[in-house]
A.B. asks: 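One structure coming up, written as structure tokens, with questions to follow.
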Amino acid sequence: MKKSKIFTRITFSFLIIMGLIFSSLQWLDPVESIKVEAAGPLEDNPPSSIILDGLFTTPSTGSNSSIINSHLVSVTPGTTNQKGAIWSIDDLKMDLTKDFTASMYLYFGNNGANVADGMAFVMHNDSRGVNAIAKSGASLWVWADEGYNGSKTSGIQKSFAVEFDTYKNDGESSYFDTNVNDDHVAWGYPGKADTYIDYSIGVWPVQSNRRTMKHNNVDGNTGVQYPGLLSNGTWRKFGGLLKYLMGKR
């Protein structure tokens, strides 16, 4: 990670009991006008916020996330080689027998194309609870192994994720994003083995073994949710209506 990833205005819990599908979702909208209430850098002044004290907790190890000034969640600080996870407390679990709406503002820094990895919004009922965290790099600490023939069950279990990916992994150590544009927003199920696809190109001795993942609503560059740079100094509203689906994921 290179830049600080911050989000705020959390109005719901991250922990769930079963799976979800989308009924309707306002994916990611640029905020047309940002009114800065207090002096300071743009990243510290979202268009709107609520008090977040006592609502979140971080894993016991392996997270650089924090609450800033009671109304911002910093997923990672703005330095290299960082990782983060921050979850709502167990008392805020949701009743998924009902539809619900959610809304927050997201800020991805202002580094343009010179930015690493990204972040994700995740709901889960992993047995590790608030200590749930997965692999680094292309996996965004959410998805399973990015390497060919690696584990398909090392991602956050019993989970649903929306990723905000600011770096296209298409070569060298990872091919997770071979089927999408550069920056993209996609959703999927990190704990399901069929999210991950192993394949080979060429024949031995000139053969490349790869793993990609399903980017729902994005695969094949059809219906790409965000065709542009996410890290452009803009607060963006993410939210909408999520609908519960009975059944395990």
A.B. asks: If you look at every heavy atom in T212 and F176, which pair is closest and at what distance?
C.D. replies: OG1-O, 3.0 Å

A.B. asks: Using a 4.5 Å cut-off on heavy atoms from C-beta on, say whether the side chain of S208 contacts that of Y175.
C.D. replies: yes

A.B. asks: Look up atom OG in S159 and atom CE in M123, then write down how far apart they are to the nearest 0.5 Å.
C.D. replies: 11.5 Å

A.B. asks: Starting from the C-alpha separation in whole Å, work towards a yes-or-no answer on side-chain contact (heavy atoms from CB on, under 4.5 Å) for V75 and W141.
C.D. replies: CA-CA 11 Å; V75 181; W141 304 102; over 6 Å; no

A.B. asks: Is there a side-chain contact between W143 and E163 (heavy atoms, below 4.5 Å)?
C.D. replies: yes

A.B. asks: Would you compute the distance between atom CG of L229 and atom CG of D183 and round it to the nearest 0.5 angstrom?
C.D. replies: 5.0 Å

A.B. asks: What residues form a side-chain contact (heavy atoms from CB on, under 4.5 Å) with N64, not counting sequence neighbours?
C.D. replies: P77, Q82, K83

A.B. asks: To the nearest 0.5 angstrom, please state how far the CG atom of N179 sits from the NE2 atom of H184.
C.D. replies: 8.0 Å

A.B. asks: Please check if the side chain of W87 supplies one atom and the backbone of A132 the other of a donor-acceptor pair under 3.5 Å.
C.D. replies: yes

A.B. asks: Work out which heavy atom in S136 is nearest to a heavy atom in E146; give both atom names and the distance.
C.D. replies: O-OE2, 3.5 Å

A.B. asks: Without hydrogens or angle criteria, can the side chains of S60 and N131 be said to hold a donor-acceptor pair below 3.5 Å?
C.D. replies: yes

A.B. asks: Counting only N and O atoms by type, is there a donor-acceptor contact under 3.5 Å from the side chain of D165 to the main-chain atoms of Y167?
C.D. replies: yes

A.B. asks: Find the distance between CG (D117) and CG (N169) and round it off to the nearest 0.5 Å.
C.D. replies: 7.0 Å

A.B. asks: Hey, is CG on N209 packed in by over 12 heavy atoms from elsewhere, all under 6.0 Å?
C.D. replies: yes

A.B. asks: So do F121 and V185 actually touch side chain to side chain, heavy atoms under 4.5 Å?
C.D. replies: no

A.B. asks: Please determine whether side-chain contact (heavy atoms from CB on, under 4.5 Å) holds for the pair V122 and F160, giving the CA-CA distance in whole Å, both sets of side-chain angles, and the decisive distance to 0.1 Å.
C.D. replies: CA-CA 6 Å; V122 181; F160 165 83; over 6 Å; no

A.B. asks: Can a donor-acceptor pair be found, under 3.5 Å and without considering hydrogens, that links the side chain of Y196 to the backbone of P190?
C.D. replies: yes

A.B. asks: Without swapping roles, check the side chain of K168 against the backbone of V180 for a donor-acceptor pair under 3.5 Å.
C.D. replies: yes

A.B. asks: Would you indicate whether the side-chain heavy atoms of L106 and F164 approach each other to under 4.5 Å?
C.D. replies: yes

A.B. asks: Is a side-chain donor-acceptor pair under 3.5 Å present for S154 with D145?
C.D. replies: yes

A.B. asks: Between R236 (side chain only) and Y105 (backbone N and O only), is there a donor and an acceptor less than 3.5 Å apart?
C.D. replies: no

A.B. asks: Please find the pair of heavy atoms, one from Q207 and one from S200, that lie closest to each other, and give the distance.
C.D. replies: NE2-OG, 3.7 Å

A.B. asks: Using atom types as modelled and distance alone, determine if a side-chain donor or acceptor of S74 lies under 3.5 Å from a backbone N or O of S66.
C.D. replies: no

A.B. asks: Quick one: pull up CZ in F108 and CH2 in W235 and give me the separation to the nearest 0.5 Å.
C.D. replies: 10.0 Å

A.B. asks: Kindly give the heavy-atom pair with the smallest separation between S65 and A85, and that separation in Å.
C.D. replies: OG-N, 3.1 Å

A.B. asks: Does I201 belong to the same Ile/Leu/Val/Met/Phe/Trp/Tyr cluster as I197, with side-chain heavy atoms less than 4.5 Å apart forming each link?
C.D. replies: no

A.B. asks: Have D53 and H71 got a donor and an acceptor in their side chains that come within less than 3.5 Å?
C.D. replies: no

A.B. asks: When rounded to the nearest 0.5 angstrom, what distance separates OG1 in T166 from CG in N232?
C.D. replies: 11.5 Å

A.B. asks: Ignoring hydrogens and angles, tell me if any N or O in the side chain of S70 forms a donor-acceptor pair with the backbone of L52 under 3.5 Å.
C.D. replies: no

A.B. asks: Check whether any side-chain heavy atom of I89 lies under 4.5 Å from a side-chain heavy atom of V130, and answer yes or no.
C.D. replies: no

A.B. asks: To check you understand the geometry: which heavy-atom pair defines the closest contact between A161 and V142, and what is its length?
C.D. replies: CB-CG1, 3.9 Å

A.B. asks: Would you indicate whether K152, at its atom NZ, is surrounded by more than 12 heavy atoms from other residues, nucleotides or ligands within a distance under 6.0 Å?
C.D. replies: yes

A.B. asks: Can you see which heavy atom on Y189 is nearest to which on T195, and at what distance?
C.D. replies: O-OG1, 2.7 Å

A.B. asks: Would you confirm whether R210, through its side chain, and Y148, through its main-chain N or O, come within 3.5 Å as a donor-acceptor pair?
C.D. replies: no

A.B. asks: Is there side-chain contact between D194 and K214, with at least one heavy-atom pair below 4.5 Å?
C.D. replies: yes

A.B. asks: Between T58 (side chain) and I86 (backbone), is there a donor-acceptor pair under 3.5 Å?
C.D. replies: no

A.B. asks: Would you say that S127 contacts Q157 through its side chain, given a criterion of any heavy-atom pair below 4.5 Å between the two side chains?
C.D. replies: no

A.B. asks: Using only atom types and a distance under 3.5 Å, with no angle test, would you say the side chain of S139 pairs donor to acceptor with the backbone of A144?
C.D. replies: yes

